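All remarks here apply to the structure that follows.
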Amino acid sequence: MNVFRLAGDVSHLVAIIILLLKIWRSKSCAGISGKSQVLFALVFTTRYLDLFTVFISVYNTVMKVVFLALSYATVYLIYMRFRNSYNSENDTFRVEFLLVPVIGLSFLENYAFTPLEILWTFSIFLEAVAIMPQLFMITKTGEAESITTHYLFFLGLYRALYIANWVWRYHTESFYDLIAIVSGVVQTIFFCDFFYLYFTRVLRGRGKMTLP
Amino acid sequence: DSSVNHKDEL
């Protein structure tokens with residue numbers, strides 16, 4: 001464990017909690033892409049299948065349980081509890097355009113052709129594109145509430161910090177995980193456009209982020 | 001092999 005990875009995990013946890021609290025307190029999921037949240041729950045489910053078979057550390061196990069619980073709670077709030085506030089008419093990204101290539105690639109490019117490895121690889125590739133429906137929804141509505149942009153900021157920051165963690169681990173342990181690194185770089189690049197808008201608009205105290 | 005290591009990352 002290093003400070004970059006710890007900061008990354010904390011940033012990830014903060015992002016998930018920001019979103020969950022926003023939906024719970026406003027009793028509404030307007031402007032939130034349910035599809036992205038389902039994809040994130042799928043990412044955690046396929047990545048943490050070793051939760052009961054491999055024990056790494058208390059921290060590792062606790063964080064996996066927390067991420068799984070919070071992501072499913074978020075999906076529950078969107079599609080069950082506050083489903084009447086869900087903007088399905090704006091959440092129209094075709095997720096099959098994400099799932100098909102990701103499934104194909106995880107069969108082609110993986111460390112071992114075993115169910116657990118292929119599912120882990122699937123979760124890594126899927127995570128890189130899981131935010132697409134949410135970013136698409138924002139471009140479609142042309143705006144995002146500031147709390148949603150803070151959620152996206154911490155979500156984008158988490159994988160950027162993981163990239164620093166991978167550089168650090170390569171430098172100190174000569175460890176590198178190419179699938180995770182390539183996918184993590186792609187994932188962070190997808191956030192760059194949002195980061196630009198976030199720093200130039202939201203942090204100027206503009207409240208809502210309205211797209212040009 | 002590297003496939004063992006990555007499980008320690010979330």
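Worth saying up front: this structure is predicted, and the values here are computed from it rather than measured. The sequence lines fix the lettering, A, B, ..., with proteins before strands; numbering per chain opens at 1.
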Exercise answer: donor-acceptor pairs, residues 183-199 of chain A side-chain atoms, under 3.5 Å, sequence neighbours excluded:
from: A:Ser183; atom 1: OG; to: A:Ile124; atom 2: O; distance (Å): 2.9
from: A:Thr188; atom 1: OG1; to: A:Gly184; atom 2: O; distance (Å): 2.8
from: A:Tyr198; atom 1: OH; to: A:His150; atom 2: ND1; distance (Å): 2.7

Short N-O contact, B:Glu9 and A:Arg169, less than 4.0 angstrom: yes
Could you tabulate the donor-acceptor pairs under 3.5 Å formed by side-chain atoms of residues 3-12 of chain A, not counting sequence neighbours?
from: A:Arg5; atom 1: NH1; to: B:Asp8; atom 2: O; distance (Å): 2.8
from: A:Arg5; atom 1: NH2; to: B:Asp8; atom 2: OD2; distance (Å): 3.4
from: A:Asp9; atom 1: OD1; to: A:Tyr162; atom 2: OH; distance (Å): 2.7
from: A:Asp9; atom 1: OD2; to: A:Tyr59; atom 2: OH; distance (Å): 2.7
from: A:Ser11; atom 1: OG; to: A:Phe154; atom 2: O; distance (Å): 2.8

Residues which pass ring-ring contact (aromatic ring centres under 6.0 Å, His included) with A:Tyr170, listed by chain and number, not counting sequence neighbours: A:Tyr176
A:Phe44 portion near chain B, given a 4.5 angstrom heavy-atom threshold: neither
Any residue of residues 60-68 of chain A which, by heavy atoms, sits under 4.5 Å from chain B: A:Asn60, A:Met63, A:Lys64, A:Phe67
Residues, nucleotides or ligands: over 12 heavy atoms within 6.0 Å of A:Phe55 CZ: yes
Segment of A:Asn110 engaging chain B (4.5 angstrom heavy-atom cut-off): neither
